[in-house]
Amino acid sequence: MNTTLFVEPKVTSVKKFYFLEYFYILLKSVKQFSNKDEIFESFRVYKDGFQLGESKYKKLGSTGEELTRERLLRYEYTFKEVIEESELYGLIKRKQDEYFITKEGDDLIRKYETNVEDFNFSIFNFIESKLFGFYYLVSSCYKANRSKQGLLIFPIYSPPKLDIQKKQITKTKDVINYINVLTKKIAQDINEHLDIQADLNSAKDNLISKLQSAELISESLEAGFNTENYNVILKRIRDFWLSYFLNEVYKIQMSISYFDIWCYRGRQLGIMNATEFYYNFDGKIIYPISILSQGVSNPDFKNIYQYPDGNCLYIHSPKFDNIIEQFTKSVYESYIDLKSRYKTYFINLADLRDLVCFKLKISYENFASFLENLYQLNLRNEVKIKISLEGDKLPSETKAMYLKREPIMVDGRICNIIAVDIKK
DNA sequence: TCAAACCTTGTCGTTCTTCA
DNA sequence: TGAAGAACGACAAGGTTTGA
């Protein structure tokens, strides 16, 4: 594949929001009102109704919260971002303080209301034709780790994960010790998962001097540090290594915050996957579930964009009938694999999903629909395996471990754990 | 035993810095 | 000097520990 870019990708032109539904709620508001204040009010109500932009940990749908000045400012911030990006794609037009929907914007509303997938791909088309960000992202992933099909790992180890308790961290030297242990662990991960012998010492020194110049830690090892800064220090250390991986290890030239936005939008479109489970590793992994190629005849790959250089972006979106044997085998093998690690009959379904999606390079949506199909075949006794699904959680796991991850619906109910047997 | 205090984690913007 | 881009942190919420 020729990865010389025909145009410079504009990865920083996307605005700071993740969910594609934001376009819909803005367009819907602009269709109803033209006065900016009225549009904003409508947008705010829709944002609450669609539960958009809330922290994963935050209880969704909490009502009755007082609308403080600070909260209003947050809404205004997002509103401004969605307005600007919608103007960029020509979905709305501005005349002084009034906004009007364009034909393209109106079409999008209709698409959302009839077929969300159609809506998503139309948005994708607007984004890609202006910015070429997905081209850059997908080609960069493959370039960064060819031997593992574009897999990017982002290790995250908090002190407790490395057996260092908060109360043990009281002096500068304790922070440095955490950084040393962490750096060693990260170097091991790079070696194991990326097959690179990395010397992280200069990066580590750079991190320490950054913390010192920000006066978060002292230059004297014996000096104590203000425990109020504990969270800030941890966050700085985490972000430092995330950026290091992105820019230095993978040579992807964008900030981690834009990278997150592109990946999250890519995930909604079935172009990328971003998951948490990977063998012997703590952190995030990201990999493409699409390819850039001049031509693919395999019907499991869907062509969603043609670039001026002749390459096309194909997403891997197989039909269930074409993948049934492979999917069944992968579900069973992944189950056996996870079962041997946890030593329990039932295992975490989200872990199984992450593993199967990684092995087969399919999206979460595909996994859910394939599992539903397989489950129905299993009920009709038409497959060789027996699947049991439950909504319970594993005794060793906490509620947050499930809250954090996207739920999986099968047979009309949320399922958290799974067991698989071979039929006799 | 149980409520309060503290710990951990990561999102969603917000603010600071750089650049044209 | 304003826009674009990168760095940064407030905050929320579930988990865990503490101690009355």
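None of the values given here were measured: they were computed from a predicted structure.
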| query | Sub-3.5 Å donor-acceptor pair from the side chain of Gln294(A) to the main-chain atoms of Cys312(A), do we have one? | reply | no

| request: With sequence neighbours left out, write down each residue that passes ring pair (Phe, Tyr, Trp, His ring centres under 6.0 Å) with Phe121(A), or none if nothing qualifies. | output: none

| To the side chain of Lys235(A), which of dC8(C), dT11(B), dG10(B) is closest? | dT11(B)

| task | Examine dC12(B): is either OP1 or OP2 under 4.0 Å from a nitrogen or oxygen in the side chain of Tyr22(A)? Give yes or no. | result | no

| field | Quiz item: cation-pi between Arg94(A) and Phe100(A), 6.0 Å / 45° | value | no

| note | Residues passing the side-chain contact (heavy atoms from CB on, under 4.5 Å) test with Lys361(A), sequence neighbours excluded, are Gln149(A), Tyr287(A), Ile289(A), His316(A), Phe358(A)

| query | Roughly how many Å is it from CZ in Phe79(A) to C1' in dG13(B), rounded to a whole number? | reply | 17 Å

| said: Without decimals, in angstroms, what is the distance between Asp239(A) CG and dG13(B) P? | reply: 17 Å

| d(CG, Leu211(A); P, dG9(C)) in whole Å | 11 Å

| field | Aromatic ring pairing Phe327(A)/Phe320(A), orientation class (parallel under 30°, perpendicular over 60°, tilted between) | value | perpendicular

| message | Test of understanding: with ring pair (Phe, Tyr, Trp, His ring centres under 6.0 Å), list the residues that count as partners of Tyr99(A), not counting sequence neighbours. | response | none

| task | Check the distance between dG10(B)'s P and Ile237(A)'s CD1 and give it to me in whole angstrom. | result | 15 Å

| message | Using whole Å, what does the distance between atom P of nucleotide dG10(B) and atom CZ of Phe240(A) come to? | response | 19 Å

| Distance, rounded to the nearest Å, where Ile261(A) contributes CD1 and dT11(B) contributes P | 12 Å

So which protein N/O to nucleotides 6-8 of chain B N/O distances come out below 3.5 Å?
| unit_1 | atom_1 | unit_2 | atom_2 | d |
| --- | --- | --- | --- | --- |
| dC7(B) | OP2 | Lys166(A) | NZ | 2.8 |
| dT8(B) | OP2 | Tyr230(A) | OH | 3.0 |

| query | When you check every protein heavy atom under 4.0 Å of nucleotides 1-7 of chain C, what one-letter string (B, S, -) results, 5' to 3'? | reply | ----SBB

| query | When you measure from the side chain of Ser129(A) to the backbone N and O of Phe126(A), does any donor-acceptor pair fall under 3.5 Å? | reply | yes

| request: Without swapping roles, check the side chain of Asn378(A) against the backbone of Tyr375(A) for a donor-acceptor pair under 3.5 Å. | output: yes

| message | Which residues pass the ring pair (Phe, Tyr, Trp, His ring centres under 6.0 Å) test with Phe240(A), not counting sequence neighbours? | response | none

